[in-house]
Amino acid sequence: MGLPDYIRQLRTHVGHDLLWLPSVSAVVTNAEGALLLGKRADDGQWSLISGFVEPGEQPATAVVREVEEETGVRVAPERLTSVISHPHTYPNGDRCEYLNLGFRCRLLGGTARVNDDESEAVGWFPLDRLPDLDPQARLVLARALGPDTDVWYLPAGDDWRDWTATTPQGARSGSA
């Protein structure tokens with residue numbers, strides 16, 4: 001689907017200035033335990049399947065829609081695993097701050113394939129052979145695949161860039 005019309009319209013007014021946007025990310029594994037990833041068309045990086053929450057859309061609906069739109073794979077959200085705010089600057093200079101909701105999703109079916117213009121490639125990767133992922137994706141992945149079943153969020157006052165794929169000692173989690 002690409003850039004939603006409402007964001008395209010906002011950009012005509014604000015140019016490359018910062019936008020605050022809700023987003024979702026999906027952590028999906030298959031029966032062999034391999035992780036579904038997409039290679040982004042805008043920057044060529046491998047990433048979790050992610051996207052915008054449209055106005056009036058529930059986040060769980062958005063994660064199902066985004067995975068199917070981008071990969072042809074059907075999923076069902078099992079649980080919310082992380083809530084993280086993080087900045088992103090696109091190659092064209094557009095700046096965003098995303099409020100990202102990470103979901104652990106159950107695979108329902110479909111064949112992983114490039115299904116829209118947002119991805120150059122789509123594939124399943126064994127967890128011990130993942131391509132390089134950005135720090136935000138690694139953090140969402142670690143929370144979704146970890147043993148803790150509570151929703152995880154950064155403690156008040158912490159910056160997401162200070163966190164790695166392993167949760168620092170003393171981190172708190174709680175239900176949203």
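Taken to the nearest 0.5 Å, the CG atom of Asp5 stands 8.5 Å off from the CD atom of Glu54. Atoms CG and CD, on Asp42 and Glu120 in that order, are 9.0 Å from each other to the nearest 0.5 Å. Here CZ of Arg106 is found 13.5 Å from CZ of Arg79. Values are rounded to the nearest 0.5 Å. To the nearest 0.5 Å, the span separating CD on Glu66 from CG on Leu48 amounts to 12.5 Å. The distance from atom OG of Ser47 to atom CD of Glu118, rounded to the nearest 0.5 Å, is 11.0 Å. A distance of 5.5 Å separates CG of Leu141 from CG of Leu35, quoted to the nearest 0.5 Å.
Here the side chain of Arg40 pairs no donor or acceptor atom with the backbone of Gly44 at under 3.5 angstrom. Arg11 places a side-chain N or O within 3.5 Å of a backbone atom of Asp17 that can act as its donor or acceptor partner. In this structure, the side chain of Arg138 engages the main chain of Leu133 through a donor-acceptor pair within 3.5 Å.
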In sequence, state the C-alpha distance, the side-chain angles, and the governing distance for Thr89 and Arg95, and then conclude on side-chain contact (heavy atoms from CB on, under 4.5 Å). CA-CA 4 Å; Thr89 301; Arg95 295 176 38 237; 3.8 Å; yes
What verdict does the side-chain contact (heavy atoms from CB on, under 4.5 Å) test give for Trp46 and Leu130, after you've listed the backbone C-alpha separation in whole Å, the side-chain angles of each residue and the deciding distance to 0.1 Å? CA-CA 9 Å; Trp46 285 97; Leu130 295 177; over 6 Å; no
Passes side-chain contact (heavy atoms from CB on, under 4.5 Å), Thr81 versus Asp148? Steps please. CA-CA 9 Å; Thr81 59; Asp148 191 358; over 6 Å; no
Evaluate the side-chain contact (heavy atoms from CB on, under 4.5 Å) criterion for residues Val83 and Asn100: first the C-alpha distance (whole Å), next the side-chain angles of each, then the deciding distance (0.1 Å), finally the verdict. CA-CA 6 Å; Val83 179; Asn100 182 263; over 6 Å; no
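By the side chain to side chain donor-acceptor pair (under 3.5 Å) test, Ser119 pairs with no residue at all, sequence neighbours left out. Glu32 is linked by a side chain to side chain donor-acceptor pair (under 3.5 Å) to Asn30, counting only residues two or more places apart in sequence or in another chain. Applying the side chain to side chain donor-acceptor pair (under 3.5 Å) criterion to Ser50, with sequence neighbours excluded, gives Ser25.
The number of heavy-atom neighbours closer than 6.0 Å to CD of Gln58, taken from other residues, nucleotides and ligands shown, is 12 or below.
When all heavy atoms of Cys105 and Ala26 are compared, the pair lying nearest together is SG-CB, 4.1 Å. In terms of heavy atoms, Cys96 sits closest to Leu21 at SG-CD1, 3.7 Å. Across Thr29 and Trp124, no two heavy atoms sit closer than the pair C-CZ3, 3.8 Å. Taking every heavy atom of both residues into account, Asp94 and His16 meet most closely at OD1-ND1, 2.6 Å. Nearest heavy-atom pair, Phe52 versus Arg65, reported as atom, atom and distance to 0.1 Å: O-NH2, 2.9 Å. Smallest separation of non-hydrogen atoms from Pro77 and Val64: CD-CG2, 3.5 Å.
Using a 4.5 Å cut-off between side-chain heavy atoms of Ile, Leu, Val, Met, Phe, Trp and Tyr, with links allowed through other members, Leu18 and Leu3 fall into different hydrophobic clusters. Two different hydrophobic clusters hold Val27 and Leu108 under the rule that ILVMFWY side chains link at heavy-atom gaps under 4.5 Å.
Ring geometry, His88 versus Tyr98: the interplanar angle falls from 30° to 60°, so the pair is classed tilted.
Using a 4.5 Å heavy-atom threshold, the side chains of Leu145 and Leu127 count as touching. Put simply, the side chain of Ser82 does not reach to within 4.5 Å of the side chain of Leu139, judged on heavy atoms. Using a 4.5 Å heavy-atom cutoff, the side chains of Leu36 and Val67 are in contact.
Donor-acceptor pairing under 3.5 Å is lacking for the side chains of Thr71 and Asn115.
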